[in-house]
Every structure is written in structure tokens, then in C-alpha cells.
Amino acid sequence: MMLPAKPARLAHFAMAAVALLVLSACGGGDDSPVSTVQPFKTLSNGQPLVIGHRGASGYLPEHTLEAYGRAIEMGADFVEPDLVVTKDGVLIARHEPNITSTTNVSTLTKFASRKTTKKVDGVDETGWFASDFTLAEIKELGALITDAERPQQFNGLYQIPTLQEIVDLVKARRVSSGRDIGIYPETKHPTFHRALGLGIEDRLIASLNAAGWNSRSAPVLVQSFEPGSLKEMKVKGLTTRMVQLIDADDYDLKTGKLSYAAPYDRPYDWAVNGDTRLFSAMVTPAGLAEIKTYADGIGPWKPYIVPIKATLDSAGNIVDRNGDGKRDYNDASSQSATSLIDDAHKAGLFVHAYTFRSEARRLAFDYNKDPKVEYLQFYRLGLDGLFSDFPDTALQARKDYLKELGR
Ligand code: G3P
Ligand code: CA
């Protein structure tokens, strides 16, 4: 098993060797500067982007102005609002139309009767839904952190923001910091919202027009799992850069292969339209070429780039490599990278992978409980950007990566 820190040490050693060779080729020993700066492998030839996934959601309740602000203070290049729609047609930031787990709505007796069951992407869900609340009512709620092992002391303290408030925050921070900070809005469950008469696409285009951010050079990347949503916005005049997200249901630790089960097997608009392809079709050369007709990049789940696989014993059972008595993800190791980044770059698409998280329980065995090892692995592959719940760690790792490149 390779020690996680080894590649970095090897890289430094290799660079030092190159520097010595260059020095001796130049006659060596004089004081003339020697450049050993190595190029980025990204599509743009720039450094990889760090996107604050739902804000700095490892620290604060996700999708709040406070979480976005924290990500920006940490140095994130983009913050990522997921968008759903209120009953009165306002775009707000939530990961799901069902706001039960991300807000304190279930604790408020005045809203008890709003509990209901709705079908979201073909699956019955029971709870409280943003589309049954006016914005004024949404503003009575407090956001919750969704992971029980993350800080709980901020629960209920922060409001649910509108897209407009997020745009205002980012514009203000761009001015105060002088940095090129962007937003990375996602149309969440577009088919679901359209069926309610609350389509996200027209509203997002109107918001970006009003912000003066409907252009290719705007600090905006628009993403969706549903190709139809991106295509509709393109036809309706959205000119920002766009990103096709690529999902899967799970992976099989024994084979290292991704698995596909509804509703995560294919985009829901494909399911509705009878397109039987799986998300996996998107990462083939033909799939990438198709995406290139309407988008600028792809946002794949990270095992599409680095598969994770366990070691099996002679009986075919997962070996408990970390000795904790469980046989799970923490016992599996990262495998050789697929060709997806190279294939996407060849197709003219950048690659922003999701989601990077720091907790040891979320790291494969060979990352040795150090999230920076995972970041470095992906940066070295030429990844163009990544979504992280912990932008500070992603940025520290990026600094280390830049040092490796002599930058
Ligand atoms: O949008 C990229 C990534 O955020 C998709 O994952 O979990 O937020 O739906 P998720
Ligand atoms: Ca184990």
C-alpha cells in the first residue's frame, strides 16, 4: 500500500532533480534564476477552482448567507446555491423542494397542517415543501445543518436566502475583496417545478438579466442534472457558461463500479421522455460530444474520475483494512483514474467534480484520514474545479499543489 504522503515527496524530489539538471546544463553554480514552473493540466491552463458547496457547509447550516459568506472569507472562487421555488414564485436556496431536513419547519405548530406527501422525480416524499410556502413564510424558518456530526450550535439562527440576496452578497464581497467571486446556481428538480407551474428556468434567466450577469464572461456557472433544463435556458437566451451534472446511485465496493437505480440512474427529464440511457452514457465520447452542444463543462460525481474499490479476501468478503470491525468505504482504496478528465478536455469540456468532504468517515482508506491527499490526487489529474463542503482545506491543498508545480 502506497503511503498517501509519498507522491508529494516524490514530486518534490523529482522537481529538485530537474532543477539540478537545468542548473548543470546552464553551467550551474551561478546565481541566474532557473525556472522549473510546470503547467496546469486544466482546460483553461489556470489553477483549479474551489467551489463552496452549499457555502462552507461543513461548518454552518448549508445554503445560508452566513455559509456563503464564510466560504468567500475562506477564499472560495465560487459559492453554490441550489435553487427551488416558493409558492409565490421566488427562487430560494435549498438543496431539496422538501425542506423538512434543512429547516426547523417541523417544529413550528403554525405550519403543522402543511405537512403533505408529494412525488418528487417519481418517488413519494412526505414533509413540508417550499412550493407550499410564501417567501414571507419561508423567512420565518431557521436553517439546520443536515449532518448530525457537524456543528449544531447554529441551528435555527439563520434565514433561508433568496437568489437575489445571494447575488447581492456576492456583488458586495467582490467589491470589498477585489476578488473574482462567482455564483454556481443549480436548477433543482426542474421537471417537478415545471409541473407545479413554478418553472425555475425563466426565473433564473430574469434574475441574471436583472443582475447584469447574463453573459459568457459573467461570474456565473449554471448547472443542472437535467439536460432539458440547460437546453431550455440556452434556447431562451441564457448566455452564461453551463455545466451538465452527472450522477449515479451508489457504487459497489467489491467491484469498484458505479451502480444505477432510480431516481439517480438517469436525468428525470430523460425518464419522463422515455430516454432509457443511464447517466453513464454521458461520460462516453458520444455523450461528451452531445453535452458540448449545449454546455461548457461537466460536473461528475468524483468516482467517475477515481473509482473506489475494496480488497477482498479469499471468500470474496471486504477486508477490514482499518481494523474497526466494519467493512465499508473506509476500508476501500482509490484506484487508477479513468480517462474522463482527458476525454472531457478533448471534447472541449471542463470538469468540476463533487463532493469533497473532510471527515475521516468520508475518506477512503488510502487517504489515511487526510483530506488533502484526496484533493492533491484530483488536482494532479488536471481537474478543473471541485465542490467542497470545506473550502479552507481544498484551498490549502491547492496551495500545496501550486508549490509542487513550482508556482
Ligand atoms: O452540484 C454539484 C453537487 O452539488 C451535486 O450534488 O449533493 O448537491 O446534489 P448535490
Ligand atoms: Ca473497517
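Whatever order the structure lists them in is the order used to number ligands and atoms, beginning at 1. Remember, it's a predicted structure, so these values are computed and weren't measured experimentally. In this chain, residues are counted from 1 in sequence order.
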Can you report which non-hydrogen protein atom sits closest to [atom], along with the distance?
atom	answer
atom 3 (C) of ligand 1	Y354 CG, 3.6 Å
atom 1 (O) of ligand 1	Q223 OE1, 2.6 Å
atom 4 (O) of ligand 1	H53 NE2, 2.8 Å
atom 7 (O) of ligand 1	R54 NH2, 2.8 Å
atom 10 (P) of ligand 1	H95 NE2, 3.1 Å

note = A correct count of protein N/O/S atoms found below 3.0 Å of the Ca ion (ligand 2) gives 6
task = Could you check Y379, F387, F378 and say which one makes a ring-ring contact (aromatic ring centres under 6.0 Å, His included) with F356?
result = F378
request  = Mark up the atoms of ligand 1 that fall under 4.0 Å of a heavy atom belonging to L245, in ascending order.
outcome  = 1 (O), 2 (C)
Under 4.0 Å to a heavy atom of E186 - the qualifying atoms of ligand 1, by number = 1 (O)
inquiry  = One thing to verify: whether E359 and R357 come together as a salt bridge, which I'm taking to mean a side-chain N less than 4.0 angstrom from a carboxylate O.
reply    = no
Using a 3.5 Å distance criterion without hydrogens, assess whether the side chain of [X] forms a donor-acceptor pair with backbone atoms of [Y].
X	Y	result
R179	I72	yes
D324	K326	yes
R94	T102	yes

request  = Report, as yes or no, whether the 6.0 Å neighbourhood of atom NZ on K399 holds more than 12 heavy atoms from other residues, nucleotides or ligands.
outcome  = no
request  = Flag T355 as yes when one of its N or O atoms lies below 3.5 Å from any N or O atom of ligand 1, and as no otherwise.
outcome  = no
query = Would you call H352 a ligand 1 contact, heavy-atom distance under 4.0 Å?
reply = no
key: Those residues that, when tested against K118, pass salt bridge (Lys or Arg N to Asp or Glu O under 4.0 Å) (two or more places apart)   = D132
key: Under the side-chain contact (heavy atoms from CB on, under 4.5 Å) test, residues paired with R327 that sit two or more places apart   = I318, D320, D331
task = Keeping to residues at least two apart or across chains, list the side chain to side chain donor-acceptor pair (under 3.5 Å) pairs with something in residues 75-90.
result = H63-D82, D77-R398, E80-Q223, T86-D88
ask   = Which one holds for K188 and ligand 1: side chain close, backbone close, both close, or neither close, with close meaning a heavy atom under 4.0 Å?
value = side chain
request  = Measure D247 to ligand 1 on non-hydrogen atoms and call it side chain, backbone, both or neither using the 4.0 Å cut-off.
outcome  = neither
task = Kindly assign one of parallel, tilted or perpendicular to the pair Y329 and Y251, based on the angle between their ring planes and the thresholds 30° and 60°.
result = parallel
request  = With L204 as reference, evaluate V220, N214, T187, T240 under the side-chain contact (heavy atoms from CB on, under 4.5 Å) test and give the passing residue.
outcome  = T187
